[in-house]
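Take a look at the structure set out below.
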There are 2 protein chains.
Amino acid sequence: MTAERPDAVEPNTGLLLFYPYRALESRVLTALAEAGFEITLAQARLLQRVADDGSRLTDLAAQAQVTKQTAGELVDQLQRRRYVERVPDPSDGRARLIRLAARGREAAALAAPVVATVEAEWATHLGPESMTALRAALTRLREITDPWA
Amino acid sequence: MTAERPDAVEPNTGLLLFYPYRALESRVLTALAEAGFEITLAQARLLQRVADDGSRLTDLAAQAQVTKQTAGELVDQLQRRRYVERVPDPSDGRARLIRLAARGREAAALAAPVVATVEAEWATHLGPESMTALRAALTRLREITDPWA
DNA sequence: CGAGGATCGTCAGGGATCCTGACGGAATCT
DNA sequence: AGATTCCGTCAGGATCCCTGACGATCCTCG
(Lines give C-alpha, C1' and ligand atoms only; values in the text may rest on other atoms or scores of the structure.)
Protein backbone atom coordinates (compact mmCIF):
# COMPACT_ATOMS: atom_id res chain seq x y z
CA MET A 1 0.00 0.00 0.00
CA THR A 2 1.29 3.39 -0.89
CA ALA A 3 0.59 6.37 1.29
CA GLU A 4 -2.52 8.31 0.41
CA ARG A 5 -1.85 11.67 -1.15
CA PRO A 6 -4.81 14.00 -0.98
CA ASP A 7 -3.75 15.90 -4.08
CA ALA A 8 -2.99 12.90 -6.25
CA VAL A 9 -5.24 9.95 -5.61
CA GLU A 10 -3.86 6.76 -7.10
CA PRO A 11 -6.23 5.52 -9.75
CA ASN A 12 -7.23 1.92 -9.38
CA THR A 13 -5.40 -0.63 -11.44
CA GLY A 14 -8.35 -1.04 -13.75
CA LEU A 15 -8.16 2.56 -14.82
CA LEU A 16 -4.40 2.29 -15.23
CA LEU A 17 -4.92 -0.66 -17.55
CA PHE A 18 -7.49 1.22 -19.51
CA TYR A 19 -5.39 4.22 -20.53
CA PRO A 20 -2.81 2.38 -22.64
CA TYR A 21 -5.41 -0.04 -23.94
CA ARG A 22 -7.55 2.75 -25.25
CA ALA A 23 -4.53 4.60 -26.60
CA LEU A 24 -3.39 1.62 -28.64
CA GLU A 25 -6.87 0.96 -29.91
CA SER A 26 -7.25 4.55 -31.05
CA ARG A 27 -3.92 4.57 -32.84
CA VAL A 28 -4.75 1.44 -34.79
CA LEU A 29 -8.26 2.54 -35.70
CA THR A 30 -7.04 5.96 -36.79
CA ALA A 31 -4.36 4.44 -38.98
CA LEU A 32 -6.87 2.07 -40.55
CA ALA A 33 -9.33 4.88 -41.21
CA GLU A 34 -6.64 6.98 -42.88
CA ALA A 35 -5.91 4.09 -45.19
CA GLY A 36 -9.55 3.79 -46.15
CA PHE A 37 -10.51 0.93 -43.86
CA GLU A 38 -13.58 2.26 -42.10
CA ILE A 39 -13.96 -0.03 -39.14
CA THR A 40 -15.85 0.79 -35.98
CA LEU A 41 -14.64 -0.02 -32.50
CA ALA A 42 -17.11 -2.83 -32.00
CA GLN A 43 -16.29 -4.33 -35.39
CA ALA A 44 -12.56 -4.18 -34.65
CA ARG A 45 -12.99 -5.92 -31.33
CA LEU A 46 -14.56 -8.83 -33.10
CA LEU A 47 -12.35 -8.73 -36.17
CA GLN A 48 -9.09 -9.00 -34.24
CA ARG A 49 -10.32 -12.20 -32.67
CA VAL A 50 -10.98 -14.05 -35.91
CA ALA A 51 -8.53 -16.96 -35.96
CA ASP A 52 -6.46 -17.73 -39.05
CA ASP A 53 -8.25 -21.00 -39.56
CA GLY A 54 -11.65 -19.51 -38.91
CA SER A 55 -13.76 -18.92 -35.81
CA ARG A 56 -17.27 -19.82 -34.83
CA LEU A 57 -19.70 -17.06 -34.08
CA THR A 58 -20.30 -18.37 -30.60
CA ASP A 59 -16.59 -18.34 -29.84
CA LEU A 60 -16.16 -14.81 -31.12
CA ALA A 61 -19.10 -13.69 -29.02
CA ALA A 62 -17.65 -15.31 -25.91
CA GLN A 63 -14.20 -13.81 -26.43
CA ALA A 64 -15.50 -10.33 -27.15
CA GLN A 65 -17.97 -10.71 -24.30
CA VAL A 66 -21.07 -9.85 -26.27
CA THR A 67 -24.14 -11.95 -27.01
CA LYS A 68 -24.34 -14.19 -30.05
CA GLN A 69 -26.91 -11.81 -31.51
CA THR A 70 -24.62 -8.83 -31.26
CA ALA A 71 -21.71 -10.79 -32.68
CA GLY A 72 -23.92 -11.98 -35.51
CA GLU A 73 -24.87 -8.45 -36.45
CA LEU A 74 -21.25 -7.29 -36.33
CA VAL A 75 -20.18 -10.18 -38.53
CA ASP A 76 -22.96 -9.27 -40.95
CA GLN A 77 -21.53 -5.76 -41.18
CA LEU A 78 -17.98 -7.01 -41.63
CA GLN A 79 -19.15 -9.47 -44.25
CA ARG A 80 -21.03 -6.78 -46.18
CA ARG A 81 -17.83 -4.74 -46.27
CA ARG A 82 -15.83 -7.78 -47.41
CA TYR A 83 -13.63 -8.05 -44.34
CA VAL A 84 -14.74 -11.57 -43.49
CA GLU A 85 -16.53 -14.47 -45.10
CA ARG A 86 -18.61 -17.32 -43.74
CA VAL A 87 -17.95 -20.89 -44.77
CA PRO A 88 -19.57 -24.10 -43.57
CA ASP A 89 -17.81 -25.82 -40.70
CA PRO A 90 -16.85 -29.26 -42.00
CA SER A 91 -16.77 -30.67 -38.50
CA ASP A 92 -20.20 -29.45 -37.40
CA GLY A 93 -23.23 -29.06 -39.60
CA ARG A 94 -24.81 -26.49 -37.32
CA ALA A 95 -21.88 -24.13 -37.37
CA ARG A 96 -20.24 -21.88 -39.88
CA LEU A 97 -16.68 -20.63 -39.73
CA ILE A 98 -15.94 -16.94 -39.96
CA ARG A 99 -12.67 -16.31 -41.76
CA LEU A 100 -10.77 -13.24 -42.83
CA ALA A 101 -11.44 -12.34 -46.46
CA ALA A 102 -8.87 -10.61 -48.66
CA ARG A 103 -9.81 -7.16 -47.44
CA GLY A 104 -9.69 -8.30 -43.84
CA ARG A 105 -6.17 -9.62 -44.32
CA GLU A 106 -5.16 -6.30 -45.85
CA ALA A 107 -6.45 -4.49 -42.79
CA ALA A 108 -4.68 -6.90 -40.49
CA ALA A 109 -1.46 -6.41 -42.44
CA LEU A 110 -1.80 -2.67 -41.97
CA ALA A 111 -2.64 -2.89 -38.28
CA ALA A 112 0.27 -5.11 -37.29
CA PRO A 113 3.07 -2.58 -37.84
CA VAL A 114 1.03 0.11 -36.08
CA VAL A 115 0.76 -2.10 -33.03
CA ALA A 116 4.48 -2.82 -33.25
CA THR A 117 5.26 0.88 -33.45
CA VAL A 118 3.18 1.75 -30.42
CA GLU A 119 4.66 -1.10 -28.42
CA ALA A 120 8.12 0.10 -29.39
CA GLU A 121 7.24 3.58 -28.14
CA TRP A 122 6.14 2.11 -24.86
CA ALA A 123 9.34 0.08 -24.58
CA THR A 124 11.33 3.23 -25.18
CA HIS A 125 9.45 5.10 -22.49
CA LEU A 126 9.61 2.30 -19.93
CA GLY A 127 12.92 0.76 -20.78
CA PRO A 128 13.24 -2.74 -22.22
CA GLU A 129 13.33 -4.63 -18.90
CA SER A 130 10.29 -2.89 -17.55
CA MET A 131 8.38 -3.49 -20.77
CA THR A 132 9.28 -7.16 -20.67
CA ALA A 133 8.21 -7.35 -17.04
CA LEU A 134 4.95 -5.63 -17.91
CA ARG A 135 4.12 -8.13 -20.60
CA ALA A 136 5.12 -11.02 -18.38
CA ALA A 137 2.90 -9.81 -15.55
CA LEU A 138 -0.02 -9.22 -17.89
CA THR A 139 0.39 -12.64 -19.44
CA ARG A 140 0.25 -14.27 -16.04
CA LEU A 141 -2.67 -12.09 -15.05
CA ARG A 142 -4.52 -13.36 -18.06
CA GLU A 143 -4.55 -16.80 -16.49
CA ILE A 144 -7.01 -15.62 -13.87
CA THR A 145 -8.82 -12.85 -15.76
CA ASP A 146 -9.49 -14.29 -19.20
CA PRO A 147 -12.40 -16.68 -18.78
CA TRP A 148 -11.67 -17.96 -22.25
CA ALA A 149 -7.96 -18.71 -21.85
CA MET B 1 1.98 -23.56 -23.20
CA THR B 2 0.58 -26.31 -25.34
CA ALA B 3 1.29 -26.98 -28.97
CA GLU B 4 -2.34 -27.67 -29.72
CA ARG B 5 -2.99 -24.24 -31.17
CA PRO B 6 -0.49 -23.40 -33.90
CA ASP B 7 -2.09 -19.97 -34.24
CA ALA B 8 -1.70 -19.16 -30.56
CA VAL B 9 0.71 -16.31 -31.14
CA GLU B 10 1.34 -13.87 -28.36
CA PRO B 11 -1.59 -11.50 -28.18
CA ASN B 12 -0.67 -7.87 -28.59
CA THR B 13 -0.19 -5.84 -25.47
CA GLY B 14 -3.50 -4.07 -25.96
CA LEU B 15 -5.39 -7.31 -25.66
CA LEU B 16 -3.33 -8.29 -22.63
CA LEU B 17 -4.31 -5.02 -20.99
CA PHE B 18 -7.93 -5.58 -21.83
CA TYR B 19 -8.43 -8.92 -20.05
CA PRO B 20 -7.76 -7.76 -16.49
CA TYR B 21 -9.41 -4.41 -17.13
CA ARG B 22 -12.61 -6.04 -18.20
CA ALA B 23 -12.41 -8.60 -15.41
CA LEU B 24 -12.16 -5.92 -12.74
CA GLU B 25 -14.95 -3.90 -14.31
CA SER B 26 -17.23 -6.93 -14.36
CA ARG B 27 -16.52 -7.82 -10.77
CA VAL B 28 -17.36 -4.33 -9.55
CA LEU B 29 -20.50 -4.01 -11.63
CA THR B 30 -21.70 -7.43 -10.55
CA ALA B 31 -21.15 -6.63 -6.89
CA LEU B 32 -22.98 -3.32 -7.27
CA ALA B 33 -25.90 -4.98 -9.04
CA GLU B 34 -26.19 -7.61 -6.30
CA ALA B 35 -26.44 -4.82 -3.75
CA GLY B 36 -29.21 -3.15 -5.69
CA PHE B 37 -27.15 -0.51 -7.46
CA GLU B 38 -28.19 -0.94 -11.06
CA ILE B 39 -25.50 0.86 -12.98
CA THR B 40 -24.65 0.29 -16.61
CA LEU B 41 -21.14 0.08 -17.98
CA ALA B 42 -21.32 3.47 -19.62
CA GLN B 43 -22.74 5.08 -16.51
CA ALA B 44 -20.00 3.55 -14.36
CA ARG B 45 -17.29 4.81 -16.65
CA LEU B 46 -18.51 8.33 -16.11
CA LEU B 47 -19.41 7.92 -12.47
CA GLN B 48 -15.96 6.75 -11.40
CA ARG B 49 -14.49 9.93 -12.84
CA VAL B 50 -16.59 12.33 -10.82
CA ALA B 51 -14.17 14.24 -8.59
CA ASP B 52 -14.85 14.68 -4.89
CA ASP B 53 -15.23 18.41 -5.28
CA GLY B 54 -17.34 18.10 -8.40
CA SER B 55 -16.57 17.83 -12.09
CA ARG B 56 -17.71 19.71 -15.13
CA LEU B 57 -19.57 17.86 -17.83
CA THR B 58 -16.98 18.79 -20.42
CA ASP B 59 -14.19 17.38 -18.28
CA LEU B 60 -16.04 14.14 -17.66
CA ALA B 61 -16.70 13.81 -21.37
CA ALA B 62 -13.04 14.35 -22.21
CA GLN B 63 -11.81 11.87 -19.63
CA ALA B 64 -14.27 9.19 -20.61
CA GLN B 65 -13.62 9.98 -24.28
CA VAL B 66 -17.20 10.55 -25.29
CA THR B 67 -18.91 13.66 -26.61
CA LYS B 68 -20.46 16.24 -24.33
CA GLN B 69 -23.88 15.16 -25.52
CA THR B 70 -23.29 11.55 -24.58
CA ALA B 71 -21.89 12.54 -21.21
CA GLY B 72 -24.87 14.81 -20.67
CA GLU B 73 -27.31 12.00 -21.28
CA LEU B 74 -25.42 9.66 -18.97
CA VAL B 75 -25.37 12.29 -16.23
CA ASP B 76 -29.11 12.75 -16.73
CA GLN B 77 -29.59 9.04 -16.10
CA LEU B 78 -27.34 9.06 -13.05
CA GLN B 79 -29.11 12.11 -11.72
CA ARG B 80 -32.54 10.56 -12.20
CA ARG B 81 -31.36 7.58 -10.18
CA ARG B 82 -29.94 9.86 -7.48
CA TYR B 83 -26.31 8.90 -7.94
CA VAL B 84 -25.19 12.44 -8.74
CA GLU B 85 -26.46 15.96 -8.47
CA ARG B 86 -25.79 19.13 -10.43
CA VAL B 87 -24.96 22.35 -8.68
CA PRO B 88 -24.03 25.71 -10.16
CA ASP B 89 -20.33 26.31 -10.60
CA PRO B 90 -19.55 29.38 -8.48
CA SER B 91 -16.56 30.18 -10.64
CA ASP B 92 -18.31 30.04 -14.00
CA GLY B 93 -21.89 30.97 -14.72
CA ARG B 94 -22.06 28.80 -17.80
CA ALA B 95 -20.99 25.65 -16.04
CA ARG B 96 -22.49 23.33 -13.51
CA LEU B 97 -20.62 20.97 -11.25
CA ILE B 98 -21.55 17.31 -11.16
CA ARG B 99 -21.07 15.87 -7.69
CA LEU B 100 -21.73 12.53 -6.08
CA ALA B 101 -25.05 12.46 -4.27
CA ALA B 102 -25.68 10.30 -1.20
CA ARG B 103 -26.55 7.23 -3.25
CA GLY B 104 -23.48 7.73 -5.42
CA ARG B 105 -21.26 7.79 -2.35
CA GLU B 106 -22.89 4.60 -1.13
CA ALA B 107 -22.10 2.92 -4.42
CA ALA B 108 -18.52 4.19 -4.31
CA ALA B 109 -18.15 2.92 -0.76
CA LEU B 110 -19.32 -0.49 -1.92
CA ALA B 111 -17.10 -0.55 -4.97
CA ALA B 112 -13.86 0.35 -3.22
CA PRO B 113 -13.44 -2.88 -1.24
CA VAL B 114 -14.34 -4.93 -4.31
CA VAL B 115 -11.53 -3.24 -6.22
CA ALA B 116 -9.20 -3.85 -3.29
CA THR B 117 -10.17 -7.51 -3.16
CA VAL B 118 -9.55 -8.06 -6.85
CA GLU B 119 -6.23 -6.25 -6.69
CA ALA B 120 -5.26 -8.41 -3.74
CA GLU B 121 -6.10 -11.52 -5.75
CA TRP B 122 -3.88 -10.28 -8.53
CA ALA B 123 -1.06 -9.56 -6.11
CA THR B 124 -1.38 -13.08 -4.75
CA HIS B 125 -1.21 -14.57 -8.22
CA LEU B 126 1.69 -12.44 -9.40
CA GLY B 127 3.60 -12.03 -6.18
CA PRO B 128 3.94 -8.68 -4.45
CA GLU B 129 7.04 -7.47 -6.30
CA SER B 130 5.59 -8.24 -9.69
CA MET B 131 2.34 -6.51 -8.79
CA THR B 132 4.22 -3.44 -7.64
CA ALA B 133 6.26 -3.45 -10.83
CA LEU B 134 3.08 -3.79 -12.86
CA ARG B 135 1.50 -0.76 -11.26
CA ALA B 136 4.71 1.22 -11.59
CA ALA B 137 4.99 0.42 -15.29
CA LEU B 138 1.34 1.26 -15.91
CA THR B 139 1.66 4.51 -14.02
CA ARG B 140 4.59 5.55 -16.18
CA LEU B 141 2.80 4.38 -19.29
CA ARG B 142 -0.04 6.67 -18.39
CA GLU B 143 2.27 9.63 -18.95
CA ILE B 144 2.27 8.97 -22.67
CA THR B 145 -1.13 7.33 -23.13
CA ASP B 146 -3.51 9.45 -21.06
CA PRO B 147 -4.18 12.64 -23.00
CA TRP B 148 -5.78 14.00 -19.86
CA ALA B 149 -2.91 13.37 -17.44
C1' DC C 1 -16.55 49.53 -22.49
C1' DG C 2 -17.97 46.73 -26.14
C1' DA C 3 -17.26 43.52 -30.08
C1' DG C 4 -15.44 39.11 -31.44
C1' DG C 5 -14.23 34.68 -30.33
C1' DA C 6 -14.00 30.73 -27.26
C1' DT C 7 -16.24 27.73 -23.99
C1' DC C 8 -20.27 25.48 -21.34
C1' DG C 9 -24.12 22.85 -21.63
C1' DT C 10 -28.34 21.66 -24.18
C1' DC C 11 -31.72 20.37 -27.99
C1' DA C 12 -32.72 17.67 -32.13
C1' DG C 13 -32.19 13.84 -34.94
C1' DG C 14 -30.24 9.59 -36.36
C1' DG C 15 -27.17 5.53 -36.54
C1' DA C 16 -24.64 1.91 -34.07
C1' DT C 17 -24.47 -1.25 -30.47
C1' DC C 18 -26.25 -4.60 -27.44
C1' DC C 19 -29.71 -6.90 -24.96
C1' DT C 20 -33.77 -10.55 -23.70
C1' DG C 21 -36.68 -13.97 -25.48
C1' DA C 22 -37.85 -17.41 -28.69
C1' DC C 23 -36.96 -20.52 -32.39
C1' DG C 24 -35.59 -24.30 -36.06
C1' DG C 25 -31.83 -27.33 -37.24
C1' DA C 26 -28.00 -30.29 -35.99
C1' DA C 27 -25.11 -32.85 -32.82
C1' DT C 28 -24.73 -35.55 -28.72
C1' DC C 29 -26.07 -38.17 -24.78
C1' DT C 30 -28.84 -42.00 -22.62
C1' DA D 1 -35.37 -43.34 -30.38
C1' DG D 2 -36.09 -39.49 -27.14
C1' DA D 3 -34.07 -35.91 -24.42
C1' DT D 4 -30.79 -32.56 -24.08
C1' DT D 5 -27.42 -29.45 -25.52
C1' DC D 6 -25.38 -26.49 -28.82
C1' DC D 7 -25.28 -23.25 -33.19
C1' DG D 8 -26.93 -19.49 -35.38
C1' DT D 9 -30.90 -16.48 -36.52
C1' DC D 10 -35.30 -13.64 -36.13
C1' DA D 11 -37.93 -10.13 -33.61
C1' DG D 12 -38.30 -6.24 -30.82
C1' DG D 13 -36.60 -2.80 -27.87
C1' DA D 14 -33.32 -0.24 -24.79
C1' DT D 15 -29.00 1.96 -24.50
C1' DC D 16 -25.17 4.29 -26.22
C1' DC D 17 -22.97 7.60 -28.99
C1' DC D 18 -22.54 10.62 -32.76
C1' DT D 19 -22.93 15.22 -35.89
C1' DG D 20 -24.84 19.66 -36.18
C1' DA D 21 -26.76 23.68 -34.28
C1' DC D 22 -27.86 26.83 -30.62
C1' DG D 23 -28.34 30.34 -26.48
C1' DA D 24 -25.80 31.80 -22.56
C1' DT D 25 -21.66 33.10 -20.48
C1' DC D 26 -16.80 34.17 -20.15
C1' DC D 27 -12.59 36.23 -21.78
C1' DT D 28 -9.53 39.08 -24.51
C1' DC D 29 -8.24 43.05 -26.83
C1' DG D 30 -8.79 47.42 -29.17
Side-chain angles (χ1 to χ4, degrees), chain A residues 18 22 25-26 29-30 32-33 37-51 53-81 83-99 148, chain B residues 18 22 25-26 29-30 32-33 37-51 53-81 83-99 148:
Chain A
F18 182 71
R22 186 66 176 255
E25 196 171 56
S26 297
L29 248 42
T30 300
L32 284 171
F37 296 100
E38 305 264 332
I39 298 176
T40 69
L41 198 53
Q43 289 166 5
R45 284 175 182 165
L46 219 73
L47 191 58
Q48 75 174 338
R49 289 173 164 90
V50 175
D53 53 348
S55 302
R56 290 189 189 172
L57 184 64
T58 303
D59 291 345
L60 289 179
Q63 290 181 58
Q65 299 192 42
V66 295
T67 58
K68 295 182 295 180
Q69 294 88 332
T70 296
E73 170 60 24
L74 291 171
V75 168
D76 284 347
Q77 297 169 8
L78 289 167
Q79 189 171 23
R80 259 181 258 124
R81 295 175 174 105
Y83 290 109
V84 301
E85 58 190 2
R86 289 191 231 227
V87 298
D89 185 338
S91 71
D92 191 329
R94 296 167 300 180
R96 289 199 281 167
L97 289 177
I98 293 136
R99 292 192 314 196
W148 216 79
Chain B
F18 182 72
R22 185 67 175 253
E25 197 171 56
S26 297
L29 249 42
T30 301
L32 285 172
F37 296 101
E38 304 263 333
I39 297 176
T40 69
L41 199 51
Q43 289 167 5
R45 284 175 181 165
L46 221 72
L47 191 58
Q48 74 175 339
R49 289 172 165 89
V50 175
D53 52 350
S55 302
R56 290 192 188 170
L57 184 64
T58 303
D59 292 345
L60 289 179
Q63 290 181 58
Q65 297 190 42
V66 296
T67 59
K68 296 182 295 180
Q69 294 88 331
T70 297
E73 169 59 25
L74 291 171
V75 169
D76 284 346
Q77 297 169 7
L78 289 167
Q79 188 171 22
R80 257 180 261 126
R81 293 171 178 120
Y83 289 110
V84 301
E85 58 191 0
R86 288 192 232 227
V87 297
D89 185 339
S91 71
D92 191 329
R94 296 167 300 180
R96 290 200 280 168
L97 289 177
I98 293 136
R99 292 192 315 197
W148 194 253

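Within every chain, numbering begins at 1; the chains are lettered A, B, ... in the order of the sequence lines, protein sequences first and strands thereafter. Since the model is a prediction, treat every value here as computed from it, not as a measurement.
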Original post:
Could you write nucleotides 24-30 of chain C as a row of B, S and -, 5' to 3', where a protein heavy atom under 4.0 Å of any base atom gives B, of only sugar-phosphate atoms gives S, and otherwise -?
Top reply: -BBS---
Original post:
With a non-hydrogen cut-off below 4.0 angstrom, is Arg86(A) in contact with a base, only sugar-phosphate, or nothing?
Top reply: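 Sugar-phosphate: the residue Arg86(A), judged by heavy atoms under 4.0 Å, touches backbone atoms but no base.
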Original post:
Considering the terminal five base pairs at each end of the helix from dC1(C)-dG30(D) to dT30(C)-dA1(D), what angle separates the two local helix axes, rounded to 10°?
Top reply: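 Between the first-five-pair axis and the last-five-pair axis there is 40°.
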**OP:** Check whether any side-chain nitrogen or oxygen of Thr58(B) sits under 4.0 Å from OP1 or OP2 of dG9(C), and answer yes or no.
**Re:**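 Answer is yes, contact under 4.0 Å.
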Original post:
Toward the 5' end of DNA chain D, which comes first, Leu74(B) or Leu97(A), by nearest nucleotide?
Top reply: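 Whichever sits nearer the 5' end wins; that is Leu97(A).
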Subject >> Nearest-nucleotide pick for Arg81(B), side chain only, options being dC18(C), dT9(D), dT15(D) >> reply: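 The answer is dT15(D), which lies nearest to the side chain.
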Original post:
Of all the nucleotides listed (dG9(C), dT9(D), dT17(C)), which has the minimum atom distance to the side chain of Arg96(B)?
Top reply: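 Output: dG9(C).
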Original post:
Who are the side chain to side chain donor-acceptor pair (under 3.5 Å) partners of Gln79(B), not counting sequence neighbours?
Top reply: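 Counting only residues at least two positions away or on another chain, Gln79(B) forms a side chain to side chain donor-acceptor pair (under 3.5 Å) with Arg86(B).
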**OP:** Using the test side chain to side chain donor-acceptor pair (under 3.5 Å), find all partners of Glu73(A) that sit at least two apart in sequence or belong to another chain.
**Re:**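 Side chain to side chain donor-acceptor pair (under 3.5 Å) check on Glu73(A) returns Gln77(A).
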Subject >> Near-strand residues of residues 63-72 of chain B, defined as heavy-atom separation under 4.0 angstrom from DNA chain D >> reply: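 Going residue by residue through residues 63-72 of chain B, the ones with a heavy atom under 4.0 Å of DNA chain D turn out to be Val66(B), Thr67(B), Gln69(B), Thr70(B).
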Original post:
What salt bridge (Lys or Arg N to Asp or Glu O under 4.0 Å) pairs are there with at least one residue in residues 54-63 of chain B, not counting sequence neighbours?
Top reply: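 Every pair satisfying salt bridge (Lys or Arg N to Asp or Glu O under 4.0 Å) with a residue in residues 54-63 of chain B: Arg56(B)-Asp89(B), Arg56(B)-Asp92(B).
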Subject >> Electrostatic pair Arg45(B)-Glu25(B), nearest N-O below 4.0 angstrom >> reply: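 So Arg45(B) pairs with Glu25(B) through a salt bridge.
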